Amino acid sequence: MGKIYYLMGKSSSGKDTLYKELKKRFPGLRQVILYTTRPIREGEQDGVEYHFVPAEKLESCRKEGKLIEMRTYHTACGDWSYATVDDGQIRVGEADYLMIGTLESYRKMKEYFGAEALIPIYLEVEDGERLCRALKRERQQAVPRYDELCRRFLADKEDFSEEKLQEAGITRRYRNQDQVQCLEEIAEEIRYGKF
């Protein structure tokens, strides 16, 4: 049976960077492109980072029974939804996958595909460092959304509380203060099946 390696962590914990590096090291890991209703950011491409869709598309997927999980955030810029859709991208019996998500999306994926298929990779970064990273990234946008940055940063405390981590069965954590070291640690565990 294939595995779904599921990267998660608070905002600005380095998920996107580690995801890209792991894809380079393990080109056989298949990508699953999530769906979102949020506006596309500078430098993103539809169908690469996400499928950028209107809310009606996700509602249609729900009605068709294809919605595996969906999260909606009430942001300073409006409601933004993110979803994993059973659109044929994931065939656990055929391959291994690398995905990024939240703790809640991880739990829903585990319910849908079974605990034996999901391998959690939970990243941790000291809060001050995360905030610095988030500010640096936001300043690169044509129209920085500092209010949304602050909302996400504060929401992470609840979304990734110790209680919720324990309920989801997250026991292993990867400290991502040094991205090279963290990448090596995760890559070794994927390569040798040490999970």
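Any value given below was found using the heavy atoms of this structure, including those in side chains, with hydrogens, waters and symmetry copies removed. Small disclaimer: the values here were computed from a predicted structure and weren't measured.
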Do NZ/NE/NH1/NH2 and the carboxylate oxygens of [X] and [Y] come within less than 4.0 Å?
{"X": "Arg151", "Y": "Glu148", "answer": "yes"}
{"X": "Lys24", "Y": "Glu21", "answer": "yes"}
{"X": "Arg107", "Y": "Glu167", "answer": "yes"}
{"X": "Arg172", "Y": "Glu185", "answer": "yes"}
{"X": "Asp127", "Y": "Lys157", "answer": "no"}
{"X": "Lys110", "Y": "Glu104", "answer": "no"}
{"X": "Glu49", "Y": "Arg41", "answer": "no"}

With side-chain hydrogen bond (donor to acceptor under 3.5 Å, both in side chains) as the test, would you mind laying out the steps for Tyr122 and Thr171 before giving the verdict? CA-CA 9 Å; Tyr122 179 66; Thr171 56; over 6 Å; no
Can you see which heavy atom on [X] is nearest to which on [Y], and at what distance?
{"X": "Leu149", "Y": "Ala134", "result": "CD1-O, 3.3 Å"}
{"X": "Ile170", "Y": "Pro120", "result": "CD1-CB, 3.5 Å"}
{"X": "Leu165", "Y": "Leu103", "result": "N-CD2, 3.8 Å"}
{"X": "Arg71", "Y": "Ala83", "result": "NH2-N, 4.1 Å"}
{"X": "Phe160", "Y": "Gly9", "result": "CZ-O, 3.4 Å"}
{"X": "Ile186", "Y": "Ile121", "result": "CD1-CG2, 3.6 Å"}

For the residue pair [X] and [Y], establish whether any side-chain heavy-atom pair is separated by less than 4.5 Å.
{"X": "Lys23", "Y": "Leu98", "answer": "yes"}
{"X": "Leu22", "Y": "Leu183", "answer": "yes"}
{"X": "Ile100", "Y": "Asp16", "answer": "yes"}
{"X": "Ser60", "Y": "Glu64", "answer": "yes"}
{"X": "Ile190", "Y": "Lys3", "answer": "no"}
{"X": "Met70", "Y": "Lys108", "answer": "no"}

If you count heavy atoms of other groups shown closer than 6.0 angstrom to [atom1] of [X], is the number above 12?
{"X": "Glu184", "atom1": "CD", "answer": "yes"}
{"X": "Arg191", "atom1": "CZ", "answer": "yes"}
{"X": "Glu163", "atom1": "CD", "answer": "no"}
{"X": "Lys15", "atom1": "NZ", "answer": "yes"}

Between [atom1] on residue [X] and [atom2] on residue [Y], distance to nearest 0.5 Å:
{"X": "Leu58", "Y": "Lys63", "atom1": "CG", "atom2": "NZ", "result": "12.5 Å"}
{"X": "Leu34", "Y": "Gln89", "atom1": "CG", "atom2": "CD", "result": "8.0 Å"}
{"X": "Asp87", "Y": "Cys61", "atom1": "CG", "atom2": "SG", "result": "7.5 Å"}
{"X": "Thr36", "Y": "Glu44", "atom1": "OG1", "atom2": "CD", "result": "9.0 Å"}

Side-chain donor or acceptor of [X] paired with backbone N/O of [Y] under 3.5 Å:
{"X": "Glu42", "Y": "Ala142", "answer": "yes"}
{"X": "Gln45", "Y": "Val48", "answer": "no"}
{"X": "Glu138", "Y": "Arg145", "answer": "yes"}
{"X": "Thr17", "Y": "Gly14", "answer": "no"}
{"X": "Gln31", "Y": "Met99", "answer": "no"}

Judged by modelled atom types alone, do [X] and [Y] share a side-chain donor-acceptor pair under 3.5 Å?
{"X": "Thr84", "Y": "Glu69", "result": "yes"}
{"X": "Ser11", "Y": "Asp156", "result": "yes"}
{"X": "Tyr82", "Y": "Thr37", "result": "no"}
{"X": "Tyr174", "Y": "Glu189", "result": "yes"}

Indicate, with yes or no, if Val53 and Ile90 share a hydrophobic cluster defined by side-chain heavy-atom contacts under 4.5 Å among Ile, Leu, Val, Met, Phe, Trp and Tyr.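 No; Val53 is not reachable from Ile90 via cluster members.
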Audit row: Glu158, Arg152, salt bridge (Lys or Arg N to Asp or Glu O under 4.0 Å) steps and yes/no: CA-CA 10 Å; Glu158 172 66 22; Arg152 283 190 0 242; over 6 Å; no
Would Tyr35 and Phe52 satisfy ring pair (Phe, Tyr, Trp, His ring centres under 6.0 Å), going step by step from the backbone distance to the final call? CA-CA 6 Å; Tyr35 290 68; Phe52 294 93; over 10 Å; no
